[in-house]
> 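Just passing along the structure, written as structure tokens.
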Amino acid sequence: MVIRSAHRATRRRGATLAFTLALAIVASTLALVSTAGASARGDQPPVPLATLVARSHKEGGLTIYGNPPAPYFNPVLSAFQRQYPWIKVQYSDLGDNQVFSKYESEHGQGAASADILIASAPALWVQAAQNGVIQAVTPLGLARFPSFTKQGPGLFVMSPEPILSAYSEKLLQPSQVPQTYAQLVQDVKANPSTYKLVSYPITNPLAYGATYGLIHILGAKTVWRDLSVLGPNTKTFDAGLDGLQYLLQGGASVGYISSGLAQGVLKSFQGLANDVFMQDATPLVPRGIAVTRGSQSPASAQLFVDFVLSDAGQQALCAAGFEASQNGFTPTNGCTASLTQLYKTVPASHVYLVPFSTDVLRQQPAITARWNRAFGRG
């Protein structure tokens with residue numbers, strides 16, 4: 001359950017909120033290239049910062065289509081603009097599907113469109129790479145990040161956000177809060193009336209990515225056995241705000257499969273709801289970022305990608321609740337949304353980054369059908 005899915009199927013505006021690593025990434029991840037010939041061109045070397053700055057002064061601003069909820073992403077944009085005050089940023093807060101469809105529709109008509117895309121759905125990134133959407137740029141500072149940060153030519157992980165669980169502090173005592181999926185299943189079996197649940201449907205990209213990740217950590221047999229227990233006791237919401245309201249009103253005590261963005265969001269609900277990492281399995285659903293091949297402000301766009309992978313950008317992301325992933329990251333503002341902090345709670349062997357790979361796309365129909373059976377929906 002999340003306040004507002006960063007991977008939601010339907011868009012929520014305004015004050016809508018969002019709840020929305022493994023060290024092994026399949027080799028096919030590194031092969032995400034455009035059929036239009038990105039692989040033939042190969043990676044471009046990093047452009048010096050001074051060159052990008054000079055070029056950006058001649059551009060007309062920066063347009064970003066992204067899935068981060070505007071109320072939480074605006075502080076990151078503001079931090080960027082403090083560093084580059086001459087770059088005017090126009091941000092459109094969209095659902096994952098809209099991020100890609102809006103860009104491709106506009107670009108296909110020859111209209112001005114986004115310079116940068118930010119989204120979380122792995123399958124959609126695979127399709128975007130195949131459709132030649134991504135410009136093969138290389139950011140500065142990439143060497144200071146885990147190898148998974150680069151998911152293909154020009155495609156990078158802006159924030160590898162952990163899947164976590166939320167719970168009602170009004171309905172559960174600390175000792176009653178499940179710390180693992182195995183414990184959650186036992187609790188539901190033993191006391192289903194106390195452990196009413198809320199989550200997303202599998203049609204939500206976050207739910208699909210999380211399920212794919214859980215299968216890789218726990219194994220398919222365990223995941224489907226567990227979901228067959230949890231499903232009948234779960235109410236699902238496409239919109240995260242509705243799910244949060246349901247939990248806060250007492251309809252559920254636990255919301256599972258929630259975005260790591262909850263780490264920042266739930267600070268507003270102290271005493272009412274809190275979050276916990278499931279120690280037996282924590283998938284990471286990456287929020288990807290790429291400069292578009294149709295960018296009209298490519299220098300400004302590259303400066304933004306460089307920024308989010310810089311010290312200042314990582315601090316801004318962490319403060320806003322987006323997972324910072326820089327190697328050895330140390331917060332200067334007391335924030336806790338970082339892989340450094342995550343690994344203090346969850347063993348690295350129980351964490352898996354869902355890659356932007358063709359396998360994620362290939363398995364989607366089968367996983368969706370099996371999920372629907374577990375939840376009694378077909």
Side-chain angles (χ1 to χ4, degrees), residues 1-2 5-10 19-20 22 25-26 28-29 32 67 95-101 119-131 161 163-165 181-182 184-185 188-189 192 195-240 242-243 246 252 254-259 278 280-286 288 352-378:
M1 188 281 304
V2 298
S5 170
H7 323 72
R8 58 202 178 284
T10 56
F19 279 8
T20 314
I25 299 297
V26 295
S28 60
T29 299
L32 277 180
N67 69 354
D96 279 320
N97 291 326
Q98 292 172 302
V99 166
F100 296 99
S101 62
S120 304
L124 294 177
W125 275 118
V126 172
Q127 293 172 326
Q130 293 172 346
N131 291 339
E161 290 167 16
I163 296 299
L164 45 74
S165 293
Y181 286 100
L184 178 60
V185 169
V188 170
K189 286 181 177 179
Y195 290 92
K196 294 291 185 181
L197 310 176
V198 64
S199 191
Y200 281 110
I202 195 64
T203 51
N204 187 286
L206 171 64
Y208 172 68
T211 304
Y212 180 95
L214 288 173
I215 289 171
H216 279 260
I217 300 170
L218 299 174
K221 183 178 179 179
T222 297
V223 169
W224 298 129
R225 182 194 65 205
D226 290 353
L227 288 181
S228 294
V229 174
L230 302 180
N233 221 44
T234 300
K235 188 173 181 63
T236 61
F237 293 90
D238 286 323
D242 295 338
Y246 188 73
V254 176
Y256 64 101
I257 301 186
S258 300
S259 168
M278 295 302 220
D280 56 349
T282 300
L284 300 168
V285 177
Y352 173 80
L353 183 107
V354 179
F356 297 146
S357 74
T358 54
D359 187 66
V360 177
L361 182 61
R362 180 181 61 82
Q363 293 200 38
Q364 189 163 11
I367 290 176
T368 298
R370 188 63 185 82
W371 187 97
N372 283 329
R373 290 200 298 274
F375 279 69
R377 300 184 183 183

> In Å and rounded to the nearest 0.5 Å, what is the OG1 to CG distance from Thr236 to Asp242?
11.0 Å
> Can you check whether Ala119's main-chain N or O pairs, donor with acceptor, with Trp125's side chain at less than 3.5 Å?
yes
> Evaluate the ring planes of Tyr208 and Tyr212, with Trp represented by its six-membered ring, and classify them as parallel (under 30°), tilted (30 to 60°) or perpendicular (over 60°).
tilted
> Can you list the steps and then say if Leu230 with Val185 is a side-chain contact (heavy atoms from CB on, under 4.5 Å)?
CA-CA 7 Å; Leu230 302 180; Val185 169; 4.0 Å; yes
> Return the minimal non-hydrogen interatomic distance between Asp359 and Gln363, and the atom names on each side.
OD2-NE2, 2.8 Å
> State the OG1-CG distance between Thr222 and Asp280, to the nearest 0.5 angstrom.
9.5 Å
> Find out whether Gln130 and Thr358 are in side-chain contact, i.e. whether some heavy atom of one side chain is under 4.5 Å from a heavy atom of the other.
yes
> Would Met278 and Leu184 count as a side-chain contact (heavy atoms from CB on, under 4.5 Å) if you check the C-alpha gap in whole Å, the side-chain angles of each, and the deciding distance to 0.1 Å?
CA-CA 9 Å; Met278 295 302 220; Leu184 178 60; 4.1 Å; yes
> Walk me through it: do Ile217 and Val223 pass the test side-chain contact (heavy atoms from CB on, under 4.5 Å)?
CA-CA 9 Å; Ile217 300 170; Val223 169; over 6 Å; no
> Determine, stepwise, if the pair Lys189 / Tyr195 fulfils side-chain contact (heavy atoms from CB on, under 4.5 Å).
CA-CA 9 Å; Lys189 286 181 177 179; Tyr195 290 92; over 6 Å; no
> How far does OG1 of Thr282 sit from CG of Leu353, to the nearest 0.5 angstrom?
12.5 Å
> Give the ring-plane orientation class for His216 versus Tyr352, where under 30° counts as parallel, over 60° as perpendicular and anything between as tilted.
parallel
> Report yes if some heavy atom in the side chain of Trp224 is under 4.5 Å from a heavy atom in the side chain of Thr211; otherwise report no.
yes
> What pair of heavy atoms forms the shortest contact from Asn204 to Asp238, and how long is it?
ND2-O, 4.0 Å
> Between Asn233 (side chain only) and Pro192 (backbone N and O only), is there a donor and an acceptor less than 3.5 Å apart?
yes
> Side chains of Val188 and Leu197: does their closest heavy-atom pair fall under 4.5 Å?
yes
> Are side-chain heavy atoms of Tyr256 and Thr234 found at a separation under 4.5 Å?
yes
> Just how far is it from atom CZ of Phe356 to atom OG of Ser120, taken to the nearest 0.5 Å?
7.0 Å
> Of all heavy-atom pairs between Pro355 and Val360, which one has the smallest distance, and what is that distance?
O-CG2, 3.2 Å
> Less than 3.5 Å apart, any donor N or O on the side chain of Asn131 or Gln127 sitting next to an acceptor on the other?
no
> Would you name the heavy atoms of Ala121 and Pro205 that are closest together and state the gap between them?
CB-CB, 3.6 Å
> In Å and rounded to the nearest 0.5 Å, what is the CG to CZ distance from Asp96 to Phe100?
7.0 Å
> Which heavy atom of Ala210 sits nearest a heavy atom of Ile163, and at what distance?
CB-CG1, 3.7 Å
> Is there side-chain contact between Pro122 and Leu361, with heavy atoms separated by less than 4.5 Å?
no
> Taking Asp226 for the side chain and Tyr181 for the main chain, is one N or O donor matched with an acceptor at less than 3.5 Å?
no
> Any chance you could measure Arg370, atom CZ, to Ile202, atom CD1, to the nearest 0.5 Å?
11.5 Å
> Do you know the tightest heavy-atom contact between Val198 and Gly243?
CG2-CA, 4.1 Å
